[in-house]
Amino acid sequence: MNQAGVNEKYKVSPFYVFFLVHSMQTGVGVLSFQRVLAKTTGTDGWISILLAGLFVHIMIWVIYKIFSIVPGDIISANNQAFGKWIGNFFSLLFVLYFFFLGMTVMISYINVIHVWMFEEVPSWAFAVVFLVLIYYIHTGGFRTITGIAFLSVILTYWLLFVLFYAMEYSEFTNLLPVFHHTLLDILKGTRSTSLTLLGFEMIVMYYPFIKNAKTSQKYAHWGALTTTLITVFVYLVSLVFYSQKQLELTIWPTLSMTSIIELPFIQRFEYIDVSWWAIIIIPNMTIALWSASRGFKRLFNVQQKYPLWGISIIILLTNVFIFDIDSLYILHKIIDPYGVLFIALYLPLLLVIIYIKKLRKRI
């Protein structure tokens, strides 16, 4: 037993960190990020995505640097830096952030299903299906969750090739002009892209579940890089397919592009797209809610299934009583900008404090 009390048999190989990071980052945000980004930076939006990707790589480096000094998870690091009570307070903020992120992903995807496929089916019905599935996956432990993330990446990459169909109707002059936005506009665009690239920070909870965790850093970077490049590709395809004004007005540009595809045996291809997207979304919800329930377990010394039950009940009640566009808007505002700002400021600060304490001990 080591590193936050995780037995060796429950750990996964470093290679799988690529799939854990990449599957967590690729989620419902890919369906709609183009609209907000087009309003802010237009044809220079790809620069904002690359800068957001650079920010992710810096944060991954910070996370691994923290755990090279204090092996364990974020709760161990917080207690080391601030002591038990203050450390637990900051750890609770992380746990709440994981919970809100998981709930935001689930409600966002249910909203997509409502609009594109089953308008009359109540949202709580979809929530029940997802929550039961998530609980079943959790009962298999972290190795099962990792397997789901692996399968999610392998089984959904064909969706990228669907976008090439849209290029037949593309106007490549829409990519021009380039470099005509100010640095401030590009930075604003970077912030609007942040929700699309979030998810890497779950490393702070599952780090103890990685064999030879230090060697997994390169796979985390590769996973983040893959997500960044895919996001750039999706944005560039959207730019050449839509006009600037169309892209600013289209709520789900990625799905709207697939609606032009017609096959002899199916007329509404977007039904397949929306349905298959569930395979992408399930690891998003599963990893986020696992991180939240694992955090509650570590903080309050309870079995992990109990906080998972509580989390599931809260999400279900949210879908029963207050599910609407306004509640979804509020959840997005909790994650972006406050969640992003919290991650961006807190992790570097934590590293500095831990490093200073390490130097003092040497002295």
Side-chain angles (χ1 to χ4, degrees), residues 22-23 25-50 52-53 105 108-119 152-178 189 192-198 226-284 325 328 332:
H22 182 41
S23 65
Q25 284 186 300
T26 308
V28 73
V30 178
L31 301 176
S32 59
F33 77 96
Q34 304 98 310
R35 180 172 64 94
V36 179
L37 191 55
K39 290 180 178 179
T40 309
T41 54
T43 53
D44 289 332
W46 58 274
I47 304 175
S48 298
I49 298 172
L50 291 177
V105 171
S108 297
Y109 182 62
I110 291 175
N111 185 44
V112 172
I113 298 174
H114 267 162
V115 173
W116 286 84
M117 296 181 67
F118 303 111
E119 185 178 358
S152 170
V153 174
I154 298 299
L155 294 178
T156 57
Y157 252 80
W158 68 272
L159 291 173
L160 277 177
F161 296 97
V162 173
L163 297 179
F164 284 101
Y165 190 92
M167 298 183 73
E168 181 181 351
Y169 307 96
S170 299
E171 180 57 59
F172 288 92
T173 56
N174 291 347
L175 295 174
L176 301 174
V178 183
S192 66
T193 314
S194 56
L195 185 59
T196 308
L197 297 180
L198 282 177
T226 303
T227 307
T228 303
L229 294 179
I230 289 175
T231 307
V232 170
F233 170 71
V234 172
Y235 187 70
L236 291 177
V237 172
S238 301
L239 279 179
V240 299
F241 181 78
Y242 299 98
S243 67
Q244 178 80 21
K245 188 59 65 177
Q246 284 177 325
L247 192 55
E248 293 177 6
L249 296 175
T250 305
I251 299 177
W252 291 291
T254 306
L255 283 177
S256 297
M257 278 190 289
T258 63
S259 65
I260 67 171
I261 300 175
E262 292 186 6
L263 300 174
F265 52 90
I266 184 168
Q267 188 175 8
R268 301 293 299 274
F269 183 82
E270 64 270 23
Y271 283 7
I272 294 178
D273 202 6
V274 172
S275 302
W276 207 271
W277 207 264
I279 302 176
I280 297 175
I281 299 301
I282 287 171
N284 284 212
I325 297 301
L328 184 58
H332 275 277

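Each residue takes its place number in the sequence, starting with 1. Below, all heavy atoms of this structure are taken into account, side chains as well, without hydrogens, waters or symmetry copies.
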Can you see which heavy atom on A166 is nearest to which on I260, and at what distance?
-> CA-CD1, 4.1 Å
Output for pair (N284 CG, S108 OG), nearest 0.5 Å, gives 10.0 Å
Parallel, tilted or perpendicular: which fits the ring planes of F269 and W158, with parallel below 30° and perpendicular above 60°?
-> perpendicular
How far apart are the closest heavy atoms of S48 and L37, and which atoms are they?
-> CB-CD1, 4.0 Å
Kindly check if the number of other-residue, nucleotide or ligand heavy atoms within 6.0 Å of OH (Y157) is above 12?
-> yes
Side chains of V237 and F164: does their closest heavy-atom pair fall under 4.5 Å?
-> no
Could you state the interatomic distance from CG (L31) to CE (M257), rounded to the nearest 0.5 Å?
-> 10.0 Å
W252 side chain reached by N111 side chain, heavy atoms, under 4.5 Å = yes
Would you find a donor on one side and an acceptor on the other, under 3.5 Å apart, between the side chain of N174 and the backbone of Q244?
-> no
From W116 CH2 over to Y271 OH, what is the distance, rounded to the nearest 0.5 angstrom?
-> 9.5 Å
In short, L249 meets R35 closest at the heavy-atom pair C-CD, 4.2 Å
More than 12 non-hydrogen atoms from neighbouring residues, nucleotides or ligands closer than 6.0 Å to OH on Y165, yes or no?
-> yes
Y109 side-chain N/O to A278 backbone N/O, donor-acceptor pair under 3.5 Å = yes
Using the salt bridge (charged side-chain N to carboxylate O under 4.0 Å, His left out) rule, collect all pairs that involve residues 229-245, keeping only residues at least two apart or in two chains.
-> K245-E248
Can you sort out the partners of I279 under side chain to side chain contact (heavy atoms under 4.5 Å, CB included), two or more places apart, ordered by chain and number?
-> S152, T156, W276
Correct closest heavy-atom pair for V153 and S23 would be CG2-CB, 3.9 Å
Non-hydrogen side-chain atoms of E171 and F241 separated by less than 4.5 Å | no
Quick one: OG1 on T173 to CG on L239, what's the gap to the nearest 0.5 Å?
-> 11.0 Å
Checking S259 side chain against S256 main chain: does a donor-acceptor pair fall under 3.5 Å?
-> yes
Not counting sequence neighbours, which residues clear side-chain hydrogen bond (donor to acceptor under 3.5 Å, both in side chains) with D273? List them please.
-> T258
Side chains of V274 and W277: closer than 4.5 Å at any heavy-atom pair?
-> no
When every non-hydrogen atom of L197 is compared with those of I49, the smallest separation belongs to CD1-O, 4.2 Å
For residues 227-234, tabulate all N or O donor-acceptor pairs below 3.5 Å that involve a side-chain atom, not counting sequence neighbours.
residue, atom, partner, partner atom, Å
T227, OG1, H22, ND1, 2.7
T227, OG1, Q25, OE1, 3.0
T227, OG1, G223, O, 3.0
T228, OG1, A224, O, 2.9
T231, OG1, T227, O, 2.7

For T250, which residues count as a side-chain hydrogen bond (donor to acceptor under 3.5 Å, both in side chains) partner, sequence neighbours excluded?
-> none
Sorted by chain and residue number, the side-chain hydrogen bond (donor to acceptor under 3.5 Å, both in side chains) partners of S275 (sequence neighbours excluded) come out as none
Across all chains, not counting sequence neighbours, the ring pair (Phe, Tyr, Trp, His ring centres under 6.0 Å) partners of Y242 are none
Is any side-chain heavy atom of T43 less than 4.5 Å from a side-chain heavy atom of L175?
-> no
